[in-house]
Amino acid sequence: MEALGFSPRNLEKIKNAITRPHGMILAAGPTGSGKTTTLYALLKKLNTRDVSIVTIEDPVEYAIDGVRQIQTNSRAGLTFASGLRGVLRQDPDIIMVGEIRDAETAAISVQAAQTGHRVLSTVHTNDAAGAITRFMDMGIEPFLISSVLLVSFAQRLVRTVCPYCKESYQPPEGALLSFGITAEKARNANFQRGKGCYQCKNTGYKGRTGLFEVLVNDEMVQDMILKRKSSQEIARAALETGRLRTLKEDAAQKVMRGITTLEEAASAVMT
């Protein structure tokens, strides 16, 4: 988990959530943003001898020792919803659902989280607050969402600066301001970029890291869910009260620390 790119504060939020005995953890983002990899890292953290874990995936991307992993098969009638029903009869402690994409899967997942299971899953939304309203759009009652959701997080991937050919550079002032990086912040920053070498195949980048925004379902968020507030209203309130750091803000921090470049961060969060 420590290698994924979570800031210390966001990592603490996630660790607190996975220690809860039951409830739902949602990862949001487009295809290829690393959501499943992050959920696997959480499963590895939770995977001990006295815990029963079952996953339902399409497809199974990594094999994990000690975890029962089921791959969906639509031709055989094994969907996320039908597989989840079968899994619940076995009463595991933790269930990972590869993706919640329809109302039936959403309803069964919420029921599982209500009845003493920890449920991890992904949804295709752009931000952490959007994961909440997506469940409302699928017909799940707000009081159920507010009672079972522990945390939702949004994720993107960016390439990291090659450590073998990195050099200091100064991004354009206008580009910095578009990320909220003022001249004062820039003076204390360590902007880095790769020149290109054989280690990185002359790209200037080697490896990837995650950008995250993590929204804990605390009393304020629960109240907004019950009032059917929009994802924009929930995100705005969380930002104003310091509960949330956006993907863009997380990207700016990684740019100032020299982990990635401004151009790479812009391609991930400004499109």
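We use all heavy atoms of the structure for the numbers below, so side chains are in, but hydrogens, waters and symmetry mates are not.
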V67 and N47 have their tightest heavy-atom pair at CG2-ND2, 3.7 Å
Mind checking whether L149 and L42 sit in one hydrophobic cluster, side chains of I, L, V, M, F, W, Y counted as touching below 4.5 Å?
no
Do you see a donor-acceptor pair shorter than 3.5 Å between the side chains of T72 and E57?
no
Quick one: does D93's side chain have a donor or acceptor within less than 3.5 Å of a partner on S52's backbone?
yes
Quick check: are there more than 12 heavy atoms from other residues, nucleotides or ligands sitting under 6.0 Å from OH of Y164?
no
T209-R159 side chain donor-acceptor pair, cut-off 3.5 Å:
no
Residue pair K185, T182: steps toward the side chain to side chain contact (heavy atoms under 4.5 Å, CB included) verdict
CA-CA 5 Å; K185 290 180 181 177; T182 62; 3.5 Å; yes
When you measure from the side chain of K206 to the backbone N and O of K201, does any donor-acceptor pair fall under 3.5 Å?
no
Spell out, yes or no, whether V161 and F179 are grouped together once hydrophobic residues are joined by side-chain heavy atoms under 4.5 Å, including indirect joins.
no
From OG (S231) to CG (D127), nearest 0.5 Å
5.5 Å
Locate the shortest heavy-atom distance separating A17 from L150; write the atom from each residue and the value.
O-CD1, 3.5 Å
Within one Ile-Leu-Val-Met-Phe-Trp-Tyr cluster: V151 and V221, side-chain cutoff 4.5 Å
no
Is there a donor-acceptor contact under 3.5 Å linking the side chains of N73 and Q71?
no
Identified side-chain contact (heavy atoms from CB on, under 4.5 Å) counterpart of I225 within the set T133, L144, N217:
N217
Spatial distance of atom CZ (R85) from atom CD1 (I56) [nearest 0.5 Å]:
11.0 Å
How about T261 and E264: does a side-chain donor come under 3.5 Å of a side-chain acceptor?
no
So with a 6.0 Å cut-off around CD of E173, is the heavy-atom count from everything else above 12?
no
Output yes when R228 and E141 qualify as a salt bridge under the 4.0 Å nitrogen-oxygen rule, no when they do not.
yes
Check: H117 side chain, I94 main-chain N or O, donor-acceptor pair, under 3.5 Å:
no
Tell me if the CD atom of Q90 is crowded by more than 12 foreign heavy atoms within 6.0 Å.
yes
Could you report the tightest heavy-atom contact between I108 and A81, atom names first, then the distance?
CD1-O, 3.6 Å
Any chance CD of Q170 has more than 12 other-residue heavy atoms, nucleotides or ligands included, within less than 6.0 Å?
yes
How far does CG of D91 sit from OG1 of T115, to the nearest 0.5 angstrom?
7.5 Å
Please lay out, stage by stage, how I140 and M136 fare under the test side chain to side chain contact (heavy atoms under 4.5 Å, CB included).
CA-CA 5 Å; I140 306 301; M136 293 186 199; over 6 Å; no
Flag the pair I25 / R20 as yes when at least one side-chain heavy-atom distance between them is below 4.5 Å, and no otherwise.
no
Note: V158 and A265 closest approach over all heavy atoms is CG1-CA, 4.2 Å
For the residue pair Y62 and T37, confirm or rule out a side-chain donor-acceptor distance under 3.5 Å.
yes
When every non-hydrogen atom of A129 is compared with those of L215, the smallest separation belongs to CA-CD2, 4.0 Å
Any salt bridge linking E213 with R245? Criterion: basic side-chain nitrogen under 4.0 Å from a carboxylate oxygen.
no
Flag, side chain of Q155 to backbone of G34, donor-acceptor distance under 3.5 Å
yes
Looking at M1, is its backbone amide N or carbonyl O close enough to the side chain of K44 to form a donor-acceptor pair, meaning the two atoms are under 3.5 Å apart?
no
Walk me through it: do N10 and F153 pass the test side chain to side chain contact (heavy atoms under 4.5 Å, CB included)?
CA-CA 9 Å; N10 281 341; F153 64 90; over 6 Å; no
Rounding to 0.5 Å, atoms NZ (K166) and SG (C197) come to a distance of 12.0 Å
Between I53 and P92, is there a side-chain heavy-atom distance shorter than 4.5 Å?
no
Just wondering, more than 12 heavy atoms not from R68 lying within 6.0 Å of its CZ?
yes
Rounded to the nearest 0.5 Å, how far apart are CG of L43 and CD of Q69?
8.5 Å
D218/R243 ion pair, N-O < 4.0 Å
yes
Is there a path of hydrophobic side-chain contacts, each under 4.5 Å between heavy atoms of I, L, V, M, F, W or Y residues, that connects L39 with V97?
no
Are I18 and I64 in one and the same hydrophobic cluster, where Ile, Leu, Val, Met, Phe, Trp and Tyr link if side-chain heavy atoms are under 4.5 Å apart?
yes
Tell me whether the count of non-hydrogen atoms from other residues, nucleotides or ligands lying under 6.0 Å of NZ in K229 goes above 12.
no
Minimum heavy-atom separation for I181 and A186, please, with both atom names.
CG2-N, 4.1 Å
Hey, could you give me the CE/CD distance between M220 and E240, rounded to the nearest 0.5 Å?
9.0 Å
Is a side-chain donor or acceptor of R134 paired with a backbone partner of V123 at a separation under 3.5 angstrom?
no
Note, S121 side chain near M96 side chain (heavy atom, < 4.5 Å)
no
Show the numbers, then the answer: is there a side chain to side chain contact (heavy atoms under 4.5 Å, CB included) between L244 and V214?
CA-CA 6 Å; L244 180 73; V214 180; 5.7 Å; no
